[in-house]
2 protein chains.
Amino acid sequence: MITRLFLQSHRVPALSADDSAALEAASSGTASFAARRIMVREQTPLDKCTLLLSGFVERYKDMPDGRRQILAIHVPGDFVDLHSYPLKRLEHSVAALTPVTVASFPHDAVRALTERSATLTELLWRSTLIDAAINREWIVSIGSRGAAVRLAHLFCEMFIRLGCVGMTRDAEFDLPVTQIDLADACGLTAVHANRMLRQLRERGLVEFRQGLVQILDWDRLRDFAEFDPAYLFLT
Amino acid sequence: MITRLFLQSHRVPALSADDSAALEAASSGTASFAARRIMVREQTPLDKCTLLLSGFVERYKDMPDGRRQILAIHVPGDFVDLHSYPLKRLEHSVAALTPVTVASFPHDAVRALTERSATLTELLWRSTLIDAAINREWIVSIGSRGAAVRLAHLFCEMFIRLGCVGMTRDAEFDLPVTQIDLADACGLTAVHANRMLRQLRERGLVEFRQGLVQILDWDRLRDFAEFDPAYLFLT
DNA sequence: CGATGATTTGATGGTATTCAAAGTCGGTGG
DNA sequence: CCACCGACTTTGAATACCATCAAATCATCG
């Protein structure tokens, strides 16, 4: 059941057995990547999409001056580059944050799915648009929230998204990234991210160390981060 | 020909006469909105999509503290909220920047289009994903470019996008927004945006006043803004 | 156990925000 | 037609926030 986590995180109420089987069968196989390995380089023509089965993946853009902006962090069950089907190439790169396993879905097979079922089409399309909604929430975060709030918001988002695929334990979860990664995602320097993380810890909101996030007070963290999960479209 | 500008800006090489006619016929009619009118309020259930025929539209989110983050600026030919078809509601609001005319496409009609043609499906899907790619470029801009560069980049983007629909004149174009809007789009205060606009003018790159953008030196502006139109997927 | 990459801390400077006020522009009504 | 009004633009001064530079400490791993 390669597509189990994908369907689980999208709370699909009713997908016919037929559609479900067709989606599962559309995969052409699985693959693995080592941690920190570049999986897709920007502008490379693509002919298949990648469903993340295990591990964490980032989408990012490198800037001419050496800066790096992370655009998305993907968790198991995410269709990392489903948008390559209509676009044929990506304008950003994709890399593994940890060792990962993925399933491949050839563009031809995706097209066949869309010809077969409008419901499947809507599900897949919807999945790419939830990614876009997350992109927009990051615009809000980076554009109009302070540094500490940005980090807190990211932790809230990951807590909810990982919870959907059963990857949280009570009030903690693994987020196997460095402070540099957090900084690159939030549009901060690593130094400043470090100071803000300390502040979040000292305020008793959330603690991050070595890829482990411990939520100290969910209610206060949520309020501090102005976090409203509506943009994740879980309902 | 309601869909003329949409098809023009997406450089569709070959859409069958049938598909083209079906798309055109999917519209349920047109409507108008006054400038600064809210067209869609966030979280309202939607049953139709909106194609912008004339005028400018913004997508934005209001923050609890009164700040406002603009997420996208739409020009004629843009399917402003096509993503409401798979999502059923929007996590942001939509408002007219100028007087606008739009064409409506009921979700049912869009679904019928996807059942009818995989090529049309791909075209519509692709259109929503180009919006997402623009969202991501804004993340890059806001997250890792300085204020003046952000503004310059936005002017470059609008110049190219408006050029696609024939709304530029030589080296100038109308961008009927206020400095406050520019600031809200770029994650700046209006005061700082004003200072940076002066800097851009004094550097001889681009001049903005009263909704008119005049490009003083395109090559230098493009370089200054680190602008690469690849993310617009025009080819 | 050195080497490498990540985290932490300090000092300093630059960028952008905030607060305040004056100036400009269009539009409206007397 | 002109005075007035509100919204936008522009400027100044003080401050806050975040970046930069530098160096020390801490992990982790070959």
Side-chain angles (χ1 to χ4, degrees), chain A residues 34-37 58 63 65-70 95-99 141-152 174-203 206-214 224, chain B residues 34-37 56 58 63 65-70 95-99 141-152 154 174-203 206-214 224:
Chain A
R36 297 289 162 179
R37 180 76 177 285
E58 60 172 345
M63 312 287 293
D65 65 351
R67 290 185 78 108
R68 170 197 196 76
Q69 179 65 50
I70 294 181
L97 286 164
T98 64
S141 247
I142 298 176
S144 43
R145 296 201 251 252
V149 181
R150 268 180 241 180
L151 287 163
D174 291 312
L175 186 65
V177 302
T178 65
Q179 292 187 5
I180 299 172
D181 295 324
L182 292 177
D184 288 346
C186 293
L188 302 169
T189 58
V191 172
H192 197 57
N194 178 276
R195 290 192 234 267
M196 294 301 103
L197 287 172
R198 176 153 56 91
Q199 199 180 101
L200 291 174
R201 189 184 336 121
E202 285 170 352
R203 282 183 191 237
V206 62
E207 178 160 357
F208 174 86
R209 50 174 226 285
Q210 298 162 185
L212 176 69
V213 179
Q214 290 180 294
F224 179 79
Chain B
R36 298 289 162 178
R37 180 75 176 286
F56 286 71
E58 60 172 344
M63 311 287 292
D65 65 350
R67 288 185 79 107
R68 169 197 197 75
Q69 179 65 50
I70 294 181
L97 285 165
T98 64
S141 248
I142 298 176
S144 44
R145 298 200 249 251
V149 181
R150 269 180 241 180
L151 287 163
L154 180 58
D174 291 312
L175 186 65
V177 301
T178 65
Q179 291 187 6
I180 299 172
D181 295 325
L182 291 177
D184 288 346
C186 293
L188 302 170
T189 58
V191 171
H192 197 55
N194 177 275
R195 292 192 234 268
M196 294 301 102
L197 287 172
R198 176 153 56 92
Q199 199 182 101
L200 291 174
R201 190 186 335 122
E202 285 169 353
R203 283 181 190 238
V206 62
E207 178 160 357
F208 174 86
R209 50 174 226 286
Q210 299 164 181
L212 175 68
V213 179
Q214 290 179 294
F224 178 79

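Note that these values count all heavy atoms, side chains included, but never hydrogens, waters or copies made by symmetry. All chains are named by letter (A, B, ...) in the order of the sequence lines, taking the proteins before the strands, and each is independently numbered beginning at 1. These numbers were taken from a predicted model, which means no experiment stands behind them.
- Taking a 4.0 Å limit (strictly below) on heavy-atom distances, residues 189-198 of chain A reaches DNA chain D at A:T189, A:V191, A:H192, A:R195.
- The shortest heavy-atom contact between A:A193 and A:L151 is O-CD1, 3.9 Å.
- Close to C:dT8, at under 4.0 Å from its OP1 or OP2, lies a side-chain N or O of A:Q179.
- As rounded to whole Å, 14 Å separates atom P of C:dT8 from atom CD of A:Q199.
- Sequence order on DNA chain D of the closest nucleotides to A:R67 and B:R209 puts B:R209 first from the 5' end.
- Judged purely by atom type and a 3.5 angstrom limit, B:D174 has no side-chain atom pairing as donor or acceptor with the backbone of B:P176.
- A distance-only check finds a donor-acceptor pair linking the side chain of B:Q69 to the backbone of B:A185 [under 3.5 Å].
- Within the 4.0 angstrom heavy-atom criterion, no nucleotide atom of any strand lies near A:G211.
- Rounded to whole Å, atom P of D:dT9 lies 12 Å from atom CG of B:L151.
- Taking all atoms of both residues into account, the shortest heavy-atom contact from B:F56 to B:T98 is N-OG1, 2.9 Å.
- In this structure the side chain of B:F224 reaches within 4.5 angstrom of the side chain of B:L200, judged on heavy atoms.
- Summarising the geometry, the separation between CD1 on A:I180 and P on D:dA27 is reported as 16 Å, rounded to the nearest angstrom.
- Separating the CZ atom of B:R201 from the P atom of D:dT9 is a distance of 12 Å, rounded to the nearest angstrom.
- The interatomic distance linking A:Q210 (CD) with D:dC29 (P) rounds to 11 Å, in whole Å.
- Atom CG in B:L200 sits roughly 15 Å away from atom P in D:dT9 (whole-Å rounding).
- Not one N or O on the side chain of B:S141 forms a donor-acceptor pair closer than 3.5 Å with the backbone of B:R150.
- Atoms CG (B:L188) and C1' (D:dC17) sit 14 Å apart, rounded to a whole Å.
- For A:T178, the side-chain atoms get nearest to C:dT7 when compared with the rest of D:dA27, C:dT7, D:dT20.
- By the 6.0 Å contact criterion, CZ on B:R36 is enclosed, its count of non-hydrogen atoms from other residues, nucleotides or ligands being greater than 12.
- Atom CG in B:L97 sits about 12 Å away from atom P in D:dC8, given to the nearest Å.
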